[in-house]
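Notes for the one structure printed next.
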Amino acid sequence: MIGRLNHVAIAVNDLTAAVAVYKDGLGAQVTDPLPQPEHGVTVVFITLPNTKIELLEPLGEGSPIAKFLEKNPDGGIHHVCYEVDNVIAARDRLKSQGARVLGDGTPKIGAHGKPVLFLHPKDFCGTLVELEQA
Ligand code: CO
């Protein structure tokens with residue numbers, strides 16, 4: 001059911017410092033910061049030849065990555081994002097298998113303008129999984 005790895009997301013406390021690590025240190029192409037108030041994060045994407053890295057910084061009160069960064073003050077891998085052909089069909093299949101979909105299960109529009117859903121880490125090997133409609 002899942003297709004390509006769309007991105008790996010890394011949560012950080014300081015986006016400017018993280019961009020410098022990837023841009024200046026690792027010589028990567030980095031997009032301009034994109035505030036995503038609906039998701040409580042500011043995002044930049046690093047384009048690699050075969051996938052992307054998403055750097056996330058908390059935005060506003062109650063950001064969904066605030067707790068993660070309390071536990072991981074240096075930052076860390078926050079989620080992986082897989083592409084699916086149909087996010088609603090994927091959700092219904094996973095729910096019928098007992099997997100937990102975060103929130104009310106209604107896809108939100110993600111940073112690429114496509115519908116996304118998040119799956120509970122306890123059901124997926126301890127890793128928060130994002131599904132994005134391809
Ligand atoms: Co993501």
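For the numbers below, each heavy atom of this structure counts, side chains included, while hydrogens, waters and symmetry mates do not. One-based numbering, in listed order, for ligands and for the atoms of each. Quick note: residue numbers are just sequence positions, from 1.
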| message | I need the single residue from Lys114, His7, His112, Arg4 that forms a side chain to side chain donor-acceptor pair (under 3.5 Å) with Glu132. Which is it? | response |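 Exactly one pass, corresponding to His112.
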Is [X] close enough that one of its N/O/S atoms sits under 2.8 Å from the Co ion (ligand 1)?
X	value
Glu130	yes
His79	yes
His78	no

| task | Return the name of the atom in His7, of element N, O or S, nearest to the Co ion (ligand 1). | result |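 That would be atom NE2.
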| note | the Co ion (ligand 1) -> Glu54, closest N, O or S atom is OE1
| Which atom pair, heavy atoms only, marks the closest approach of Leu15 to Pro33? |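 In this case the closest contact between Leu15 and Pro33 is CD2-CB, 4.2 Å.
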| task | Determine the minimum heavy-atom distance between Ala28 and Ile46, stating which atoms define it. | result |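 That would be CB-CG2, 3.5 Å.
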| said: Within the supplied structure, the quantity of interest is the number of heavy atoms (other residues, nucleotides, ligands) at a distance under 6.0 Å from Glu38 CD; does it exceed 12? | reply: yes
| request: Answer yes or no: are there more than 12 heavy-atom neighbours, outside Ile77 itself, under 6.0 Å from its atom CD1? | output: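 Open: at most 12 neighbouring heavy atoms sit under 6.0 Å from CD1 of Ile77.
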